[in-house]
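What follows is a short report on a single structure.
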Amino acid sequence: MSTTGEIPEELRYSRTHEWVRQEEDGTVTVGITDHAQTQLGDLVYVELPEAGRVLEAGEACAVVESVKAASDVYAPVGGEVVEVNEELAEAPERINEDPYGAGWLLRLRPSDPAELEGLLDGAAYAALIQEEAREGGAGTEEA
Amino acid sequence: MSRGTPLLPCHRRAGARLVDFHGWLLPLHYGSQLEEHHRVRRAAGLFDVSHMTVLDLEGPGAEPFLRHLLALDVAPLAPGQARYGCMLNPRGGVIDDLIAYRLGPARFRLVLNAATRERDLAWMREQGLARTAWREREDLAMLALQGPEARALLHGLLGPEAREAAEALAPFHALEREEAGGAVGGPLFLARTGYTGEDGYELLVPAQAAPRWWEALVAAGATPAGLGARDTLRLEAGLNLQGADMDETVTPLEAGLGWTVAWEPAGRAFVGREALEAQRRAGVPRARTGLVLEGRGVMRAGAEVLDEAGRSLGTVTSGGFGPTVGRSVALARVAAPTPPPGARVQVLLRGRPHPARIARPPFVRGGRVRLPSGSADG
C-alpha cells in the first residue's frame, strides 16, 4: 500500500518524480513531487546547478540528499537554468514542508517548448506511482 | 509478510510510516525523523523495540553455559545488574552483541538483535543451550524511553514502591516487579539501558499491556520515535550496529569493543578466546574509528576512506547525517593504527573525495557535541 501524496492538477510531471510549472514569462519552474519527498524522508542537503548552465532533457542537474539517501534530480525538459532556489542551502526542509511552493528547485528557459508535451499530467503521474508501488513490492506502508 | 508487534495499532493511529525490518513491521518515523531525533536529545522519545529477541535462562547450568558462550563474564554480576558484550564464533568474529542481565542467583536474561535471531539460537543450541532451562519471551513487548526527561516521566507513572526503587536504579541495572502500581500497573521489568547515548529506560511488559503503557507514556509527554531516529541517535552516540559495524568476520578488538571482553579470570575458556588472545598479541590489522565530514554531503555505509595522499585507509561501516552534530558523522574500519583525532582524511562520496576528520566516538554525549579541535563549526 502506498499513497500518491498531493498531485496538483495544473502541473506536469516527469517519470522521475519532478514537477514542472509553466510560468507566464515562458520559463518553467521545477521541483520534486510530494510523493518523492515523502519517499526520501527529511532532506538535509540540496546541491543545485549554476545559473546559466544549459541542460539536456533527462540530464542529472541537482542532488537532493535526505536522512535516507542521495538522489539525482533530472531536468524534465532541456533549457538554460535562469534561477535556482538559494534558500534551500540553509533550509532544505522547505522541500518537505512545501514541495510545490517554497521547496521549488530551479527555473529553466526551455530550449524546445515541444518537450513539455511529453510530460505526464496529474492522472498519468498518479498511475505511475501506483504502478511503481506494485512493482516495488510496496516495502513501505502509510498508516 | 512482516509481522506486527503488539504496538502496531498504536503506530497506525499515530500516522507512522511503517517499514519491514528483518520480518517485523515497524515505524520508520511518524512524520519527521529529524524532529524525533531532537526530541530524544532534548526531552523524551519512545521507541517500540519489541522486535528484539529476549531469552531467559534458569537453573544451575545457566551460569556455566553463559560463561562459556559470551566474551563478557556474568559471574561478577549481582542480581539486577547488566553488562553489554558479544557472543563470538571460534575465530573471534561477532555473531551478535547483546545485553546480559542477572535476575537472580541462577536466573539470567539476554536481549539480542532481531536480525540475528535464527543464527543466535542455532549457535546457542550448538553450544549446549539445551542443558539449561530456557525460554524465549515472546509474551513480552519491549519499549525504550530515552532522553533527559525520560526517567522522571516514567517515575510519574509508577506506584510509590516501584517509583522509589526506579529512582535509585543505577545505569546498567534493572528491577522486576509483579505489580508496578501507578497508572498502568501489572508486571514490569525496567532497565536503565538504551541505544541513544541518552539516559532512560528499556521496559519489558506483558504484550497485552504494551498499548496501555505506550499510550500512558505518550500522554505523559513522550514523543513516539521510529527506526530512523534510533539509527541517527545510536550513530552519534558511537554505538555499533551488528551487521553494519561488525559481523562474524570482525572481532570485538577490530570493532572498538575490546572493553567488553572479560579477559580475567584467565582460566575462563569462552568461545573465541584463543583467537582474540592471538590477535591481541599480534596486534589488530584494522580498527574502528569515527569520522566527521568537513563540508556538505552525507557519508554512508560502504564509502571508501582515503588518506590525504589518496591511499585507501578503509571503509565507512555506518554513516549518516547527525542531526545534533549538524553534519555527517560515520563509523569506519581502517588500517591500524588509526590516525589520531583531528587528522585529515578524505571520503569518497558519489565518486568524489570530500574532506573529513578523524574523531573519536561518541560524537554526542549527554546531549553535547564532542568533536576534535580544528573541526569546522557545525
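Just so we're on the same page: letters track the sequence lines, and every chain starts at 1.
Rounding to the nearest 0.5 angstrom, the gap separating the OG atom in B:Ser32 from the CD atom in A:Glu97 is 9.0 Å. The NZ atom of A:Lys68 sits 6.5 Å away from the CG atom of B:Leu28 when rounded to the nearest 0.5 Å.
Comparing B:Gly320, B:Gly297, B:Ser328 by how many heavy-atom pairs each has under 4.5 Å with chain A, the most go to B:Gly297.
Heavy atoms only, all atoms of each residue included: B:Arg296 and A:Val46 are closest at NH2-O, 3.5 Å. Closest of all the heavy-atom pairs between A:Tyr45 and B:Arg327 is OH-CA, 3.9 Å.
Within 6.0 Å of CD in A:Glu23 there are more than 12 heavy atoms belonging to other residues, nucleotides or ligands. No more than 12 heavy atoms of other residues, nucleotides or ligands shown are found within 6.0 angstrom of CZ on A:Arg15. Open room surrounds CD on A:Glu90; 12 or fewer heavy atoms of other groups in view lie less than 6.0 Å from it. Remark: B:Arg365 CZ is loosely packed, at most 12 non-hydrogen atoms of other residues, nucleotides or ligands lying under 6.0 Å away. Around the CD atom of A:Glu80, the shell of radius 6.0 Å holds more than 12 heavy atoms that belong to other residues, nucleotides or ligands.
At a 4.5 Å heavy-atom cutoff, the contact between A:Glu47 and chain B is made by side-chain atoms alone.
For the side chain to side chain contact (heavy atoms under 4.5 Å, CB included) test, residues two or more places apart in sequence or in another chain that qualify with B:Ser312 are B:Glu304, B:Leu306.
Between A:Glu65 and B:Arg300 there is a salt bridge, with a side-chain nitrogen of the basic residue lying less than 4.0 Å from a carboxylate oxygen of the acidic one.
Put simply, the residue from B:His29, B:Gln33, B:Glu35 that forms a side chain to side chain contact (heavy atoms under 4.5 Å, CB included) with A:Asp42 is B:Gln33.
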Begin from the C-alpha positions of A:Val67 and B:Val298 and carry the test side chain to side chain contact (heavy atoms under 4.5 Å, CB included) through to its verdict. CA-CA 8 Å; A:Val67 288; B:Val298 180; over 6 Å; no

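Contact annotation: the side chain of A:Val63 approaches that of B:Arg350 to within less than 4.5 Å [non-hydrogen atoms, C-beta and beyond].
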